[in-house]
Participant: 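Questions regarding the structure given below will be posed in turn.
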Amino acid sequence: MAHAELLARHRAVMPAWLTLYYDEPIEITRGSGRRVEDAEGRSYLDFFAGILTNAIGYDIAEINEAITAQVAKGVLHTSTLYLIRSQVELAERIARLSGIPDAKVFFTNSGTEANETALMLATQHRRSNQVLALRNSYHGRAFGTVAITGNRGWSATSLSPLQVSHVHGGYRYRSPFRHLSDADYVDACVADLRDVLATATAGDVACMVVEPVQGVGGFAIPPRGLFAAFREVLDEHGILLVSDEVQTGWGRTGDHFWGIQAHGVVPDAMTFAKGLGNGLAIGGVVARGELMDAITAHSLSTFGGNPLATAGAVAMLDYLENHDLQANAAKQGTRLLAGLRAATERNEIVGEVRGVGLMIGVELVEPGGDAPSPRAAARVLEETRARGLLVGRGGLHGNVVRLAPPMTLTDDETEEGLAALTAALESTRQEMTR
């Protein structure tokens, strides 16, 4: 009854558009390692990590200690009007890790706010409100970020301060260029970019914003080298490149610390959030100094980079590097991908299994074809929950199961999650083909 009462209270006072997973939504009350417990005492292996935010799991002693030490000082907040030692230390590390020359860092509270800041920097620097983005992309829920989001399901309004043009490239599975080789696919997307520049813009575009892996879009992954090819075109026009690393940062892709590095490109700016705080609210932008300093008006952030969040984020980076979690993401992601592909080879509701590191998407289709199946994805979420596994959902059509477990995932937990998911997929297949 307590659960039903909380759900009723939620629906009475929270907006109708605030999504809840499951036919019977759960309240997560405890967590340790990669496992969480709901209010009714049921335990789950978490393969979605608060939308990739609990990047190294729950109840991490080193992070708890850093937060507790800051709380003990009695200062949770000062604002950017004052020096914050942990903020400066964190900015120095991120600037160094970014590989961006003469980098400077500005902290925010979320990925949406980080992307809004990047848009403001680029449009101010270039004196243009024209922006290029990718189809199937997602960049946040604020006015500017909704405008550049290339997914109708997440576009709450058509009103915008920007002139946005969307290009092909990020989502290959349903692209008109799908059946081309990697090299020909890249060439076709570059040709599309040139055509969009020539026909849909006034030429003086401020920036292109890309996700190296389209997160909400279902962990869609373009061929490596696509953004290097795009960069050549952008450089011809002086257009800035912004990489949205909100989901791909901090080594989650396994092979690289930042997702854009898979393309051999150093962007002009990168945005980040989610996993940096391991649950604490923190995001930001790292950019070339000249670009970061483009704003000439007064500005600050009341809460961005506050002492508590930055103390926790410093501890998170320490833990990430000391335990080589990037390598573990590569190892466990490879095992998950291989296991899923082998187990679903003959499952007719699985259109594609794709991924890199611990970012894996399973695109579900209607039996007998490749029409997107959001009903299958909804069913798989219920089936995995019943088996003690939490997963995510996304994709342009809401038909992709998303896996993004904490980067501390163990061998045994990988096998446990794989078994639960493959059983859920098989059960869903049987139900849909009766």
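Because the structure is predicted, anything quoted here is derived from the model rather than measured.
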Participant: Assess, by modelled atom type and distance only, whether the side chains of Tyr319 and Asn278 contain a donor and an acceptor separated by less than 3.5 Å.
Facilitator: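 No, because no side-chain N or O of Tyr319 sits under 3.5 Å from a partner of the opposite role on Asn278.
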Participant: What's the shortest heavy-atom distance between Arg379 and Thr428, and which atoms?
Facilitator: CG-OG1, 3.6 Å
Participant: Would the number of heavy atoms belonging to other residues, nucleotides or ligands and lying under 6.0 Å from CZ of Arg178 be above 12?
Facilitator: yes
Participant: For the CG atom on Leu83, are there more than 12 heavy atoms of other groups (residues, nucleotides or ligands in this structure) within a distance under 6.0 Å?
Facilitator: no
Participant: Identify the two heavy atoms, one from Ser175 and one from Tyr185, that lie closest to each other, and give their separation to 0.1 Å.
Facilitator: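 Nearest heavy atoms, Ser175 then Tyr185: OG-CE1, 3.8 Å.
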Participant: Less than 4.0 Å between a side-chain N and a carboxylate O, is that true for Asp318 and Arg93?
Facilitator: yes
Participant: Check for a donor-acceptor pair, side chain of Thr334 on one end and backbone N or O of Ala330 on the other, with a separation under 3.5 Å.
Facilitator: yes
Participant: With a 4.5 Å limit on heavy-atom distance, are the side chains of Glu40 and Glu24 in contact?
Facilitator: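 No, their side chains stay 4.5 Å or more apart.
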Participant: Against Arg375, only a single residue in Glu431, Glu382, Glu366 fulfils salt bridge (Lys or Arg N to Asp or Glu O under 4.0 Å); can you say which?
Facilitator: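 So, applying the salt bridge (Lys or Arg N to Asp or Glu O under 4.0 Å) to Arg375 and each of Glu431, Glu382, Glu366, only Glu366 qualifies.
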Participant: For the residue pair Phe272 and Trp258, categorise the inter-ring angle as parallel (less than 30°), tilted (30 to 60°) or perpendicular (more than 60°).
Facilitator: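 Tilted: the ring planes of Phe272 and Trp258 meet at 30° to 60°.
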Participant: Quick one, Val286 with Glu245, criterion side chain to side chain contact (heavy atoms under 4.5 Å, CB included). Give me CA distance, side-chain angles, the key distance, then yes/no.
Facilitator: CA-CA 10 Å; Val286 55; Glu245 301 277 351; over 6 Å; no
Participant: Is any side-chain heavy atom of Asn136 closer than 4.5 Å to one of Arg174?
Facilitator: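 They are not in contact (no side-chain heavy atoms under 4.5 Å apart), so the answer is no.
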Participant: What's the separation between atom CZ in Arg141 and atom OG1 in Thr149, rounded to the nearest 0.5 Å?
Facilitator: 12.0 Å
Participant: I'd like to know if the side chain of Asp102 and the backbone of Arg288 have a donor-acceptor N/O pair within less than 3.5 Å.
Facilitator: no
Participant: To the closest 0.5 Å, what do you measure between CD1 (Ile84) and OH (Tyr82)?
Facilitator: 10.5 Å
Participant: Is the side chain of Arg231 donor-acceptor paired with the backbone N or O of Gly264 at a distance under 3.5 Å, no angle test?
Facilitator: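 It does not hold such a pair.
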Participant: With rounding to the nearest 0.5 Å, note down the distance linking CZ in Phe143 to CD in Glu116.
Facilitator: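 Taking CZ in Phe143 and CD in Glu116, the distance rounds to 9.5 Å.
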Participant: Whether the side chain of Ser110 engages the backbone of Glu113 through a donor-acceptor N/O pair (distance < 3.5 Å, no angle test) should be reported.
Facilitator: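 The answer is yes, because a donor-acceptor pair under 3.5 Å joins these two groups.
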Participant: Any ion pair linking Asp268 and Arg126 (charged N to carboxylate O, less than 4.0 Å)?
Facilitator: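 Answer for the salt bridge query: no.
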Participant: Under the 3.5 angstrom rule, does the side chain of Arg252 hit a backbone N or O of Met359 as a donor-acceptor pair?
Facilitator: no
Participant: Does the side chain of Glu413 pick up a donor-acceptor pair with the side chain of Thr410 at under 3.5 Å?
Facilitator: yes
Participant: Report the C-alpha distance between Tyr138 and Asn151 in whole Å, list the side-chain angles of each, state the deciding distance to 0.1 Å, and finish with yes or no for side chain to side chain contact (heavy atoms under 4.5 Å, CB included).
Facilitator: CA-CA 7 Å; Tyr138 176 84; Asn151 183 326; 5.6 Å; no
Participant: Any chance the side chains of Gln332 and Asp411 put a donor and an acceptor closer than 3.5 Å?
Facilitator: yes
Participant: Give a yes or no answer on whether the side chain of Asn54 reaches the backbone of Gly57 with a donor-acceptor pair at less than 3.5 Å.
Facilitator: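 Side chain of Asn54 to backbone of Gly57, a donor-acceptor pair under 3.5 Å: no, none is there.
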Participant: Quick one: pull up OG1 in Thr29 and CZ in Arg42 and give me the separation to the nearest 0.5 Å.
Facilitator: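 Those atoms lie 11.0 Å apart.
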Participant: Does a sphere of radius 6.0 Å around CG in Leu317 hold more than 12 heavy atoms from other residues, nucleotides or ligands, not counting ones at 6.0 Å or beyond?
Facilitator: yes
Participant: Ion pair present between Glu383 and Arg387, side-chain N to carboxylate O less than 4.0 angstrom?
Facilitator: yes
Participant: List the atom of Leu280, the atom of Leu308, and the distance in Å for their closest heavy-atom pair.
Facilitator: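 Looks like CD1-O, 3.9 Å.
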Participant: For Ala95, does its backbone N or O pair with a side-chain atom of Ser98 as donor and acceptor, under 3.5 Å?
Facilitator: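 Yes.
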Participant: Identify whether the distance between the nearest side-chain nitrogen and carboxylate oxygen of Arg34 and Asp412 falls below 4.0 Å.
Facilitator: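 Judged by the 4.0 Å cut-off on N to carboxylate O distance, Arg34 and Asp412 do not form a salt bridge.
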Participant: Report the C-alpha separation of Ile260 and Val210 in whole Å, then their side-chain angles, then the decisive distance to 0.1 Å, and conclude whether the side chain to side chain contact (heavy atoms under 4.5 Å, CB included) test is met.
Facilitator: CA-CA 9 Å; Ile260 197 71; Val210 302; 4.2 Å; yes
Participant: State, to 0.1 Å, how close Leu90 and Ala313 come at their nearest heavy-atom pair, and which atoms those are.
Facilitator: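 Minimum heavy-atom separation between Leu90 and Ala313: CD2-CB, 3.6 Å.
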Participant: Run the salt-bridge test on Glu352 and Arg172 with the 4.0 Å N-O cut-off and return the result as yes or no.
Facilitator: no
Participant: Start with the C-alpha gap between Glu89 and Ser86, add the side-chain angles, then the distance that decides, and say whether side-chain hydrogen bond (donor to acceptor under 3.5 Å, both in side chains) holds.
Facilitator: CA-CA 5 Å; Glu89 179 184 345; Ser86 57; over 6 Å; no
Participant: What distance separates Trp250 CH2 from Met316 CE, expressed to the nearest 0.5 Å?
Facilitator: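 Answer for the CH2-CE pair, Trp250 versus Met316, is 7.5 Å.
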Participant: For Glu321 and Leu97, which heavy atoms make the closest approach, and how far apart are they?
Facilitator: OE2-CD2, 3.8 Å
Participant: To the nearest 0.5 Å, how far apart are CZ in Phe219 and CD in Gln214?
Facilitator: 11.5 Å
Participant: Please answer whether the main-chain N or O of Val75 pairs with a side-chain N or O of Gln70 as donor and acceptor at a distance below 3.5 Å.
Facilitator: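 At least one qualifying donor-acceptor pair exists.
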Participant: Do you see a donor-acceptor pair shorter than 3.5 Å between the side chains of Glu363 and Tyr171?
Facilitator: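 Distance-only check passes for Glu363 and Tyr171.
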Participant: For residues Glu65 and Thr68, is any side-chain donor paired with an opposing acceptor at under 3.5 Å?
Facilitator: no
Participant: Could you tell me whether the side chain of Ile51 reaches within less than 4.5 Å of the side chain of Val216, counting heavy atoms only?
Facilitator: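 No, their side chains stay 4.5 Å or more apart.
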Participant: Does Gln163 have more than 12 heavy atoms from other residues, nucleotides or ligands lying within 6.0 Å of its CD?
Facilitator: no
Participant: Taking Thr408 for its side chain and Ile56 for its backbone only, find out whether a donor-acceptor pair lies under 3.5 Å.
Facilitator: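 Answer holds: yes.
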Participant: Could you verify whether a donor N or O on one side chain and an acceptor N or O on the other, from Ser137 and Glu211, lie under 3.5 Å apart?
Facilitator: no
Participant: Going by the side-chain contact (heavy atoms from CB on, under 4.5 Å) test, name the single residue among Pro222, Ser243, Pro223 that passes it with His263.
Facilitator: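 So, applying the side-chain contact (heavy atoms from CB on, under 4.5 Å) to His263 and each of Pro222, Ser243, Pro223, only Pro222 qualifies.
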Participant: Is there a donor-acceptor pair closer than 3.5 Å between any side-chain N or O of Asp182 and the backbone N or O of Arg224?
Facilitator: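 Flag not set: sc Asp182 to bb Arg224 has no pair under 3.5 Å.
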Participant: What are the two closest non-hydrogen atoms of Thr414 and Arg335, and how far apart are they?
Facilitator: CG2-CB, 4.1 Å
